[in-house]
Novice: 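This is the structure, below, for whatever I ask next.
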Amino acid sequence: MMNSAQVLSDLAVGLATGSIEVVDLSVTLSPETPVIQLPDIFAQSPGVSFEPISEYDPAGGNTWYWRTIRMGEHTGTHFDAPVHWATGKDYASNATDTIDPQRLVGPACVIDKSADAAANTDTLLTVDDVLAWEAQHGQIPKGAWVLMRTDWSKRTAAVDFLNDSHTPGPDSAVMRFLIAERDIQGFGVETVGTDAGQAAGFDVPFPCHTLMHGANKFGLASLANLDRLPATGAILVAAPLKLKNGSGSPLRVVALVPR
Ligand code: MN
């Protein structure tokens, strides 16, 4: 039987000594942060803007600095809640303020598709990819965060990052598999959204959004530093802002990694 108090005590020692490393999986939010571009018939999400409230000037008693922030809920490294999609809108506790926090921390399984993505920007994660990964690393546990590594976050220019909607993502069969056969907590990617750039035309359009949220599960987009994670063994912490009825939110995603 696991001694939970001992586990947390060991964790504290690991953090203090650096034998457990905290890896930042987030990008910086700024006016330059790329935002998904939708076809003209749809409303667009605004990028980030900062407006000063005071900056050590008389408006702030010559002492304090703070700003007002404005951005869409799905900007930069961000969390997708089930309520984001029509298929997930009727679940209880499906928004950023009502999700059970127990669900926001879990093991990370990192599937490396970076070589395929370098060769083909429209590369898709498939069931075969997952089975090949499992043959090497063991079965994906229930409640895991499955992260698709593509090294896409290394594309620092917005035009290369958005790539005219030719970006990698999951196919619909792998989404069905990870939901029904593995009961994962959510799916994370390095690209601007959890679905592939061409996913509007898939047999299930936008399968991560349609199927994952339809199963009351989560998404994480615009992750970085997935190349610093082991295939298994890291713990992911992904807690969105507690926005009332939030469809998602920017967040700081960190991973606890054994060194
Ligand atoms: Mn999103």
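Reckoned from all heavy atoms, side chains included, excluding hydrogens, waters and symmetry mates. As the structure lists them, so they are numbered: ligands from 1, and atoms in each ligand from 1. Numbering of residues begins at 1 and proceeds along the displayed sequence.
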Novice: Of all N/O/S atoms in Asp80, which lies nearest to the Mn ion (ligand 1)?
Specialist: OD1
Novice: Would one find an N, O or S atom of His78, in either backbone or side chain, under 2.8 Å from the Mn ion (ligand 1)?
Specialist: yes
Novice: Classify the angle between the aromatic ring planes of Trp133 and His137 as parallel (below 30°), tilted (30 to 60°) or perpendicular (above 60°).
Specialist: tilted
Novice: Give a yes or no on whether Glu73 keeps an N, O or S atom under 2.8 Å from the Mn ion (ligand 1).
Specialist: no
Novice: Got more than 12 heavy atoms from elsewhere within 6.0 Å of CD, Gln6?
Specialist: yes
Novice: Does this structure show an ion pair linking Asp100 with Arg103, if we count only N-O contacts that are shorter than 4.0 Å?
Specialist: no
Novice: Check all N, O or S atoms of His74 and name the one closest to the Mn ion (ligand 1).
Specialist: ND1
Novice: Check whether the side chains of Glu51 and Thr68 place a donor and an acceptor atom closer than 3.5 Å, and report yes or no.
Specialist: no
